[in-house]
Structure formats: C-alpha cells, structure tokens
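Notes follow once the structure below has been shown.
Only heavy atoms go into these numbers, but all of them, side chains included; no hydrogens, no water, no symmetry mates. For clarity, every value in this text was computed on a predicted model and none was experimentally measured.
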Amino acid sequence: MNRAYAAPAPHAPAELDSLLLWPAIGLLLMGLVMVYSSSIAMAEGSRFTGNQSAYFLFRHAVFLTVGLVAGVMAFQIPLRLWQQAAPWLFLAGVVLLLLVLIPHVGRSVNGAQRWIGLGPINLQPSELMKLFVVLYAADYTTRKLDDMGSFLRGFGPMALVMVLVGFLLLKEPDFGALVVILCIATGILFLGGINARVFGVLVVVLAVSFVIMIWVSPYRRERIFGFMDPWQDAFGKGYQLSHALIAFGRGEWFGVGLGASVEKLFYLPEAHTDFLLAVIAEELGFVGVCVVVGLFALLVQRSFVIGRQALVLGRVHSGLVAQGIGIWLGVQGFINMGVNMGLLPTKGLTLPLMSFGGSGIVANCLALGILLRVDWENRQLMRGQQV
C-alpha cells in the first residue's frame with residue numbers, strides 16, 4: 001500500500017533579524033549588570049545617593065525600562081512618518097540645545113552645561129540630537145539626491161545647519177558629541193553619493209578645524225598631552241587614563257571576577273559612565289572586552305546590511321537611516337573604547353547601550369526601535385506586502 005507524504009511546509013522568514021536583536025539585548029543587559037558592579041562602592045560612600053548601594057542600579061533599570069518602552073513605540077511608527085517628522089525633530093533638537101545654554105534652565109556639572117533639569121532627572125539634549133541628525137541627514141540626502149554632485153545645492157545647506165549645531169555644542173562645551181554628530185552627518189552624505197572632491201575637501205577642513213579647536217583650548221591641550229604620556233603626570237592630567245590602563249592590566253585574560261574590581265573603589269573616575277569598559281576589562285578580562293567589541297561589531301554590521309537591503313528595495317531614506325544609526329553606534333563605541341584603552345585622548349562620551357545615563361539609554365533604544373522597523377519593513381516588502 002502506497003502512502004502519500006505531504007511535502008514539509010517551508011518555514012516563513014523571521015519577522016526580525018535575530019543577529020540584530022539579540023546582540024542589542026545582550027549589550028543592554030550586560031550594561032545593567034556592569035553599571036551596578038562599577039557604581040556600588042560610590043553609591044555606598046556618597047551622601048548624595050543616601051548611601052544606598054543599589055542607587056545607580058535602580059535608576060539605570062528605570063531608564064532602561066523607559067528606553068525599551070520608547071523603543072517599542074518607535075517600532076510601531078512607519079519610516080515614512082519618521083521622514084515627515086525629521087525636519088521638525090531636528091528643529092526641536094536645536095531649540096533644546098539653545099535652552100540648555102540659558103542660565104537657571106541648563107544645569108552645569110564639572111564645568112559643562114549640558115543638561116536641562118526636569119525634576120529628579122536631567123535631560124541631555126545632545127544625546128537626542130544624535131538621533132535627530134540621523135533622521136534629518138537621511139531625509140535631506142534623500143531629497144537632494146540629484147544635487148549631491150553640487151557643492152552649493154548639495155553640501156552647502158547641510159554645512160550651514162551643522163555649523164549652527166556645532167556652535168551650540170561647543171558653547172556647552174560637548175566636543176565629543178560634536179565629533180559623533182559630524183561623523184553621522186558626513187557619513188550619511190558620503191553614502192548618499194556626495195561629490196568625492198567635495199567630500200575630500202570636507203574631511204580636510206574638519207581635520208584642520210579639530211586641530212585648531214584643540215590648540216586654542218587649554219583644557220583640550222592638556223588632555224592631548226596627558227594622553228600622549230599619562231604616566232608623566234599620573235596624579236594630574238593623566239590620572240583617568242593611567243587608572244584605566246591599570247584596570248586593563250589587572251584584568252589579564254579572564255579578569256579578577258565580577259564585582260572584584262579595585263579601580264572602581266574611588267580610584268577610577270566616572271567608572272559607571274565614561275570608563276565602564278575599563279571596569280569590564282578588570283573584572284571580566286580580555287575575554288569580556290572581546291565579547292563587548294564583538295557584539296558592537298555585529299550590531300554595526302547588521303545595521304549596514306539592513307540599510308543595504310533597504311536601498312536595494314528602493315527605500316533610500318530607510319536605508320540611510322539604518323546605516324546612519326550604524327555609524328552613530330560604531331563611531332561612539334569606537335571612541336569610548338579607544339579612550340578606555342589609551343588609543344584616543346580622553347573624551348566625555350559614554351559607551352552606547354551600556355553606560356549609565358538616562359538620555360543616552362533612551363536615545364539608543366529609540367534608535368534600535370527605528371532600526372528594527374527598517375528591517376521589519378524590508379521583510380514585509382520582500383513578502384510582497386505593503387508597509
């Protein structure tokens with residue numbers, strides 16, 4: 001007796017890219033654990049925190065929850081609506097950068113006025129501005145595709161608005177955010193097909209401008225000199241970097257163990273924000289650092305793959321948004337890691353998705369929500385469905 005066997009039904013393609021989703025979740029959760037580990041001593045020893053060891057853990061968990069909710073909400077919004085809102089979001093970002101400079105509105109910490117006080121929390125407009133620049137630069141490039149070969153019509157208008165944003169960021173000052181935002185804008189213009197000669201001139205002008213800004217600013221010069229030889233003044237301008245390098249050295253291959261860092265015991269400043277990777281290196285070792293670097297590399301690679309797929313499908317704005325988010329996370333992550341390892345001068349930039357900071361975590365989660373939306377819309381179009 002012959003038996004008929006039905007052919008197995010083909011598996012439907014996944015709704016989302018697991019190689020994007022799981023690394024992002026891994027970095028967020030690892031950041032939560034390491035923020036607690038790196039901040040517990042400071043929280044216990046500070047009257048500002050009420051000597052509560054879980055002070056920063058609780059706040060980071062709240063920020064992370066808010067960020068995840070915001071990311072889920074951002075995922076629900078079609079990219080065409082994000083494109084329509086891009087100029088208005090960028091304008092709102094400029095207004096926030098202006099507000100932060102107003103006395104009694106902006107809050108100053110360690111000589112930098114970068115925050116707007118909203119009751120128990122501080123809003124850092126420069127973090128949101130990174131996302132707004134991604135959306136605006138992608139929208140601008142999409143509208144100006146036919147003019148990308150022209151300096152005046154293609155590059156000129158974007159240059160003017162970036163000069164305005166740069167001026168406001170330097171008034172805070174927030175040189176690190178300025179570097180990231182300029183990399184995002186120029187990267188998206190390059191991917192959008194800006195004239196190669198114009199792009200080359202732009203790179204030279206930016207490099208010369210950065211050198212001038214560093215040279216005319218005494219505190220930036222001190223950071224450069226401290227970076228070149230941190231051990232020459234290990235208790236002064238080289239203090240942060242020297243202790244970060246000690247943390248890396250103590251960690252060796254597998255680390256001293258989770259929670260066993262010595263450098264976080266009031267030796268390494270900003271251990272839960274700018275120098276979180278140094279604590280990871282000390283407690284989890286070279287292997288732990290490689291895991292973090294690998295997850296970031298995979299996240300950036302998937303961003304560009306998703307962006308490329310959108311471009312193939314004729315969705316220029318969505319593709320540039322995805323790749324712009326990849327540039328943002330990649331550049332900021334690279335700078336933070338380079339600073340922690342002594343490869344770059346000290347800058348006040350956090351490690352995306354991991355470091356303590358409400359504005360940064362919320363902005364990162366919003367970006368991930370939009371990036372996942374680009375991927376989801378790509379998959380719907382490849383199924384023949386409308387989005």
Side-chain angles (χ1 to χ4, degrees), residues 20 24 67 70-97 123-145 148 154-155 157-166 168-169 177-178 180-194 299-300 302-304 306-311 313-332 352-353 359-378 387:
L20 169 67
V72 171
M73 294 174 64
F75 177 80
Q76 307 301 319
I77 301 174
L79 262 295
R80 56 181 174 81
L81 296 182
W82 283 113
Q83 183 175 7
Q84 294 171 9
W88 301 106
L89 291 173
F90 182 80
L91 181 60
V94 172
V95 171
L96 289 173
L97 291 179
L123 173 66
Q124 189 172 358
S126 60
E127 292 293 338
L128 294 177
M129 196 62 181
K130 295 168 187 174
L131 175 60
F132 297 161
V133 166
V134 169
L135 296 170
Y136 177 73
D139 172 56
Y140 174 88
T141 304
T142 303
R143 289 185 284 106
K144 295 280 188 175
L145 280 177
M148 282 292 104
F155 172 69
M158 176 61 77
L160 291 176
V161 296
M162 286 298 104
V163 167
L164 172 61
V165 171
L168 295 175
L169 288 172
L178 173 60
V180 173
I181 285 174
L182 288 179
C183 287
I184 293 170
T186 55
I188 290 176
L189 288 174
F190 175 76
L191 294 170
I194 192 173
L299 197 62
V300 173
R302 298 313 301 170
S303 299
F304 275 84
I306 291 168
R308 178 60 182 169
Q309 185 63 60
L311 293 173
L313 294 170
R315 307 174 63 233
V316 177
H317 176 260
S318 297
L320 292 176
V321 166
Q323 293 178 345
I325 292 172
I327 293 171
W328 168 17
L329 298 178
V331 168
Q332 184 166 333
L353 304 172
S359 300
I361 286 293
V362 171
N364 294 159
C365 289
L366 282 170
L368 287 175
I370 295 172
L371 182 58
L372 288 167
R373 178 72 191 197
V374 175
D375 178 52
W376 183 83
E377 290 187 1
N378 286 348
V387 294

May I have the list of side-chain donor-acceptor pairs in residues 360-372 shorter than 3.5 Å, sequence neighbours left out?
| residue | atom | partner | partner atom | Å |
| --- | --- | --- | --- | --- |
| N364 | OD1 | L353 | N | 2.9 |
| N364 | ND2 | G360 | O | 3.4 |

What side-chain donor-acceptor pairs closer than 3.5 Å can you find for residues 182-194, not counting sequence neighbours?
| residue | atom | partner | partner atom | Å |
| --- | --- | --- | --- | --- |
| T186 | OG1 | L182 | O | 2.7 |
| T186 | OG1 | C183 | O | 3.3 |

| note | Those residues at least two apart in sequence (or on a different chain) that pass ring-ring contact (aromatic ring centres under 6.0 Å, His included) with F304 are none
| W328 and V134, any side-chain heavy atoms less than 4.5 Å apart | yes
| said: Run the side chain to side chain contact (heavy atoms under 4.5 Å, CB included) test on V94 and F132 for me, step by step, so that the C-alpha distance in whole Å, both residues' side-chain angles and the decisive distance to 0.1 Å come before the verdict. | reply: CA-CA 10 Å; V94 172; F132 297 161; over 6 Å; no
| field | Q124 to S359 - nearest heavy-atom pair and separation | value | N-OG, 2.8 Å
| said: Going by side chain to side chain donor-acceptor pair (under 3.5 Å), name the pairs with one or both residues in residues 131-142, residues two or more places apart or in two chains. | reply: Q83-D139, D139-R143
| field | CG on L168 to OG on S126, rounded to 0.5 Å | value | 11.5 Å
| query | Rounded to the nearest 0.5 Å, how far does CG of L131 lie from CZ of F90? | reply | 12.5 Å
| What distance separates L128 CG from L96 CG, expressed to the nearest 0.5 Å? | 7.0 Å
| Distance (rounded to the nearest 0.5 Å) between W376 CH2 and Q76 CD | 8.5 Å
| note | So CD1 of I306 and CG of L20: to nearest 0.5 Å the spacing works out to 4.5 Å
| query | Do you know the tightest heavy-atom contact between L299 and A24? | reply | CD1-CB, 4.0 Å
| said: Per the salt bridge (Lys or Arg N to Asp or Glu O under 4.0 Å) rule, what does the pair list look like for residues 72-81, sequence neighbours excluded? | reply: none
| message | Looking at every heavy atom in both K130 and I181, which two are closest together, and how far apart are they? | response | CG-CG1, 3.9 Å
| Considering all heavy atoms of both residues, which atom of L135 and which atom of A86 are nearest to each other, and what is their separation? | O-CB, 3.6 Å
| field | Value rounded to 0.5 Å, distance of CE in M162 from CG in L169 | value | 9.5 Å
| Taking all non-hydrogen atoms of both residues, which atom of V374 and which atom of A322 are closest, and how far apart? | CG1-CB, 4.2 Å
| said: Using the rule side-chain hydrogen bond (donor to acceptor under 3.5 Å, both in side chains), only one of R373, R308, R315 pairs with N378; which is it? | reply: R315
| task | Not counting sequence neighbours, which residues clear side-chain contact (heavy atoms from CB on, under 4.5 Å) with L81? List them please. | result | I77, P78, Q84
